[in-house]
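Residue numbers start from 1 in every chain, and the chains themselves are labelled A, B, ... in the order their sequence lines are given, proteins ahead of strands.
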4 protein chains.
Amino acid sequence: MPRSIAVIAGVGPGTGSAVARRFAQAYPVVLLARSQESLDPLAKDITQTGGAAIGIPTDVTSTSGMTSAMDRIKTQFGPDLSIAAAIYNVAGKFTRKPFLEQSAEEFLGALEPTVKGAFNFAQATLPLMLSGTDAQYPPTLIFTGATAALKGGSGLSGFAMSKFGIRAMSQSLAREFGPKGVHVSHAIIDGIIDTEKTKSYSPDLPDSKIDPNWIAESYWFLHTQPRTSFTHELDLRPYSETW
Amino acid sequence: MPRSIAVIAGVGPGTGSAVARRFAQAYPVVLLARSQESLDPLAKDITQTGGAAIGIPTDVTSTSGMTSAMDRIKTQFGPDLSIAAAIYNVAGKFTRKPFLEQSAEEFLGALEPTVKGAFNFAQATLPLMLSGTDAQYPPTLIFTGATAALKGGSGLSGFAMSKFGIRAMSQSLAREFGPKGVHVSHAIIDGIIDTEKTKSYSPDLPDSKIDPNWIAESYWFLHTQPRTSFTHELDLRPYSETW
Amino acid sequence: MPRSIAVIAGVGPGTGSAVARRFAQAYPVVLLARSQESLDPLAKDITQTGGAAIGIPTDVTSTSGMTSAMDRIKTQFGPDLSIAAAIYNVAGKFTRKPFLEQSAEEFLGALEPTVKGAFNFAQATLPLMLSGTDAQYPPTLIFTGATAALKGGSGLSGFAMSKFGIRAMSQSLAREFGPKGVHVSHAIIDGIIDTEKTKSYSPDLPDSKIDPNWIAESYWFLHTQPRTSFTHELDLRPYSETW
Amino acid sequence: MPRSIAVIAGVGPGTGSAVARRFAQAYPVVLLARSQESLDPLAKDITQTGGAAIGIPTDVTSTSGMTSAMDRIKTQFGPDLSIAAAIYNVAGKFTRKPFLEQSAEEFLGALEPTVKGAFNFAQATLPLMLSGTDAQYPPTLIFTGATAALKGGSGLSGFAMSKFGIRAMSQSLAREFGPKGVHVSHAIIDGIIDTEKTKSYSPDLPDSKIDPNWIAESYWFLHTQPRTSFTHELDLRPYSETW
């Protein structure tokens with residue numbers, strides 16, 4: 001079994017899947033998502049195209065859930081394991097809703113992927129990244145972010161708080177773990193991602209949705225940067241986007 | 001009983017007290033803090049100097065706690081009540097601690113004043129602000145923030161997430177409630193605040209700590225701005241601060 | 001003759017005039033603008049309402065022009081003179097024009113108020129501010145900026161470069177002269193200013209233009225902040241503005 | 001002769017040379033710098049390693065100088081020419097100097113690479129980029145920036161104004177020419193670049209200088225991004241940098 005793996009949390013049909021496929025070209029990939037059903041087709045597909053993938057149904061917002069997933073990973077890959085890349089791609093649902101109509105449950109629920117999930121994921125993966133800093137590429141922890149990481153919006157208090165929060169964590173971990181050889185980066189995905197779900201939405205201009213494969217390619221590029229030359233933040237948006 | 005009040009959450013010996021005293025020059029003030037003991041001396045002091053103040057022991061991170069406090073406020077001030085100014089000054093403890101040594105409880109605990117408290121406070125106060133937009137000064141909701149709202153730091157993931165989050169909420173509410181006549185603003189307090197607690201700390205230069213009375217004065221100034229001319233963010237730091 | 005004066009560069013009918021009137025309540029004001037004709041009515045008006053004002057026709061983008069103006073000021077007010085407040089309110093014309101249709105002359109011309117004017121003004125006034133740091137209020141240098149200080153725009157390369165540049169200068173001077181007791185601040189004016197010229201423009205909502213008197217009031221407030229508590233940047237926009 | 005070329009302005013021994021070598025793997029490269037002597041060794045070296053390069057001594061801060069350079073380029077490569085990539089890497093000298101000790105000449109001189117050079121370069125190259133939007137990779141205009149693009153500094157008014165200005169131009173052109181298929185990007189280079197000149201400077205930690213080849217690699221990566229997925233800004237800094 002290879003010593004270095006990639007772990008991707010949040011492997012929906014867009015960014016997560018594309019990132020998993022891309023990193024599977026170099027590493028066995030561990031896929032984390034809530035339900036086994038959403039994991040199986042992707043894992044199978046990666047395996048059939050020559051990669052190695054296992055899907056572990058995990059609620060990353062649960063500390064014990066994340067711990068169990070790590071135990072399974074360690075059992076599977078053995079004691080020498082290190083994590084070459086960990087991608088946190090779990091996001092709350094985007095909903096624009098008048099602030100005074102939101103219940104505390106809704107508001108806090110939307111924040112769970114950030115305040116609980118991102119924390120659990122970073123805590124579980126970083127120790128196995130610190131042990132792999134002599135690998136070909138520095139171990140890389142990437143957080144998928146959004147425009148709302150830079151700017152609040154009407155009806156978006158919770159969503160913006162969540163995205164600002166991910167950015168705060170990414171910056172803080174970059175400053176703490178960078179000097180230890182871990183590359184922490186934050187990607188601002190600004191625009192509609194081209195997936196099955198967004199197929200019906202046709203903008204006026206061609207090529208106006210972000211290609212998830214190029215999000216993946218950009219993440220892979222971040223991963224290959226040596227420690228002399230880390231990028232800590234980049235944006236990705238279609239040429240036609242106003243911003 | 002006067003129709004318009006100011007509500008200040010987080011009335012410690014520094015910023016909160018100073019803000020309460022300043023707004024008490026114009027409005028009866030409601031002081032919120034966890035313990036009655038910390039409220040009594042301030043309320044008494046304000047009353048003795050000609051103001052009106054009541055302290056309500058409240059855990060703002062609890063939705064029901066915040067609701068009870070509002071019930072008491074409504075009982076006290078009657079059905080015509082509107083809130084002229086609401087100041088959210090509750091902050092998590094600043095602790096710099098290696099990320100991997102933090103427990104989930106610690107991390108989440110540090111976030112409660114933001115993800116729960118700020119939400120509860122804004123939800124409870126905004127409805128009573130919307131009813132007062134014809135007052136002399138537009139109703140004003142101010143969040144006390146910090147430098148960590150702009151920049152993460154090693155060992156500060158939770159603190160930065162909390163401060164980024166407050167800023168996200170402030171920006172979002174400003175965009176949602178501004179057009180309804182409510183002034184929402186965020187203050188970046190950058191530096192050591194001059195309080196009893198920081199007395200022993202003597203910087204090389206005189207006047208190198210922020211005067212809480214001037215934080216209060218600045219908040220008051222924000223409150224007086226008409227809706228033609230709202231400031232949504234300002235910083236406050238000593239002349240000697242490097243930043 | 002009083003020892004402390006305020007100098008305002010760029011006294012058009014909106015912000016500049018309002019700022020001059022406000023500071024004239026406390027100091028003799030020196031008004032700088034290109035033509036004597038635009039200075040006379042304002043100076044006269046200030047004088048008639050009990051203030052003291054002199055207008056000096058000056059091209060601030062010319063180093064020698066700015067030097068001559070300072071000579072006249074020193075002659076007028078004597079050797080003990082210090083500058084309590086210096087407001088730089090000169091802006092290039094806002095024009096949105098396709099980049100490839102701009103001539104080098106146009107582009108550079110639009111930048112002159114920043115790269116030449118702001119430099120000349122700061123160099124001429126700062127020495128007389130350093131001598132007044134024991135006054136009631138710390139000497140204050142304020143630059144009027146705009147949203148384009150934070151964000152470029154299509155067809156706005158030159159305008160954005162100019163506004164980003166003013167902000168860069170303000171931040172740099174704040175860091176250099178703050179520790180010497182001079183308060184340097186940058187105001188982001190975002191929205192249409194309510195002047196004669198913009199009268200015909202009626203937005204859907206009332207009070208949707210920025211009141212220049214409140215820009216002035218905000219500048220005055222900045223001026224009164226003690227060195228313990230300097231604000232280095234604030235925004236000003238109508239409640240109805242989307243941003 | 002191939003139809004598509006890359007043009008690099010500012011080909012000193014660090015970033016510029018590395019970028020030229022990298023893009024020479026795909027395109028004939030045109031090198032612009034003040035003196036023929038600094039161009040010859042690089043052009044020769046690229047040619048000897050299988051690339052095509054011509055050096056044109058050019059003062060990019062002179063509009064006529066830049067026009068002459070373009071004429072030579074058009075003569076050399078024929079009427080079908082398009083520019084696949086244009087990299088603006090010309091920077092003013094970094095000097096930290098008390099503001100009041102700077103002459104107008106010094107201050108303005110430091111700004112010329114931005115206010116004149118970047119303008120001339122963008123105006124000269126963009127028309128030949130618009131004609132190449134159907135190439136394999138979208139035509140790409142990259143500006144080399146610095147940390148001072150985000151933050152002013154004591155003694156750095158001119159330098160910061162220059163760097164803020166480049167960023168303003170990059171953002172504005174991105175918004176104007178992005179919808180036309182041109183990829184405009186800004187790179188924040190934060191740290192000491194590893195060159196002959198900085199060899200003597202040994203930081204405490206190994207690998208603490210930015211590898212210019214990885215700046216080049218990152219620029220190349222930007223160039224390969226399709227128009228669905230443009231990055232408009234990224235930072236590059238060593239793992240050991242505090243920021």
Side-chain angles (χ1 to χ4, degrees), chain A residues 61-64 66-67 96-108 110-112 114-116 118-120 122-124 126-127 130 148-180 184 186 232, chain B residues 61-64 66-67 96-108 110-112 114-116 118-120 122-124 126-127 130 148-180 184 186 232:
Chain A
T61 68
S62 146
T63 304
S64 63
M66 190 67 216
T67 306
R96 196 183 281 271
K97 189 172 178 179
F99 181 69
L100 294 176
E101 294 174 17
Q102 292 172 37
S103 68
E105 288 67 32
E106 276 179 291
F107 187 84
L108 288 172
L111 285 168
E112 296 229 320
T114 294
V115 300
K116 293 188 179 165
F119 173 79
N120 289 334
Q123 278 222 329
L126 277 165
L130 289 169
L150 303 176
K151 190 179 158 175
S154 177
L156 296 177
S157 322
F159 187 71
M161 190 183 272
S162 173
K163 295 302 182 184
F164 272 62
I166 284 283
R167 189 173 185 237
M169 176 174 275
S170 180
Q171 283 190 7
S172 298
L173 296 179
R175 288 180 167 96
E176 181 169 351
F177 291 92
K180 296 176 179 170
V184 183
H186 178 246
H232 298 100
Chain B
T61 68
S62 147
T63 304
S64 64
M66 190 66 216
T67 306
R96 196 182 280 273
K97 190 173 178 180
F99 180 70
L100 295 176
E101 294 174 17
Q102 292 172 37
S103 68
E105 288 68 32
E106 276 179 291
F107 188 82
L108 289 172
L111 285 168
E112 296 230 318
T114 294
V115 301
K116 294 189 178 165
F119 173 79
N120 289 334
Q123 279 222 329
L126 277 165
L130 290 169
L150 303 176
K151 189 178 159 176
S154 177
L156 296 178
S157 321
F159 187 72
M161 190 181 273
S162 172
K163 294 300 180 185
F164 272 63
I166 284 284
R167 190 173 184 237
M169 174 172 276
S170 180
Q171 283 189 7
S172 299
L173 296 180
R175 287 178 167 97
E176 181 169 351
F177 292 92
K180 298 176 179 173
V184 183
H186 179 245
H232 299 100

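- The aromatic rings of B:Phe107 and A:Phe119 sit parallel, their planes meeting at an angle under 30°, below the 60° perpendicular limit.
- In this structure B:Phe159 satisfies the ring-ring contact (aromatic ring centres under 6.0 Å, His included) test together with B:Phe94, sequence neighbours excluded.
- Put simply, of B:Val115, B:Leu150, B:Ile166, B:Thr63, the one with the most heavy-atom pairs under 4.5 Å next to chain A is B:Val115.
- Contacts with chain A were tallied for B:Ser162, B:Ser170, B:Ala149, B:Ala160; B:Ala160 has the most, counting heavy-atom pairs under 4.5 Å.
- When atom types are taken as modelled, the side chain of B:Gln123 and the backbone of A:Gln102 share a donor-acceptor pair closer than 3.5 angstrom.
- Rounded to the nearest 0.5 Å, atoms CG (B:Leu108) and CG (A:Asn120) are 8.0 Å apart.
- Using a 4.5 Å cut-off between heavy atoms, A:Thr114 contacts chain B through both its backbone and its side chain.
- Under the 4.5 Å side-chain criterion, counting only non-hydrogen atoms from C-beta, A:Phe99 is in contact with B:Met169.
- Distance alone, capped at 3.5 Å, is enough to place a donor-acceptor pair between the A:Ser172 side chain and the B:Gly153 backbone.
- Here the straight-line distance linking atom CG of B:Leu111 with atom CG of A:Leu111 works out to 9.0 Å at 0.5 Å rounding.
- With respect to chain A, the highest number of heavy-atom pairs below 4.5 Å among B:Ala104, B:Gly155, B:Gly152 belongs to B:Gly152.
- Of the listed residues (A:Lys116, A:Arg167, A:Gln171), the greatest number of heavy-atom pairs within a distance under 4.5 Å of chain B belongs to A:Gln171.
- Most heavy-atom pairs under 4.5 Å with chain B: of the set A:Ala122, A:Pro179, A:Ala148, this distinction falls to A:Ala122.
- Looking at A:Lys163, there are no atoms closer than 4.5 Å to chain B (heavy atoms on both sides), in backbone or side chain.
- For the set A:Gly178, A:Ala174, A:Ala118, A:Gly165, the entry with the most heavy-atom pairs within less than 4.5 Å of chain B is A:Gly165.
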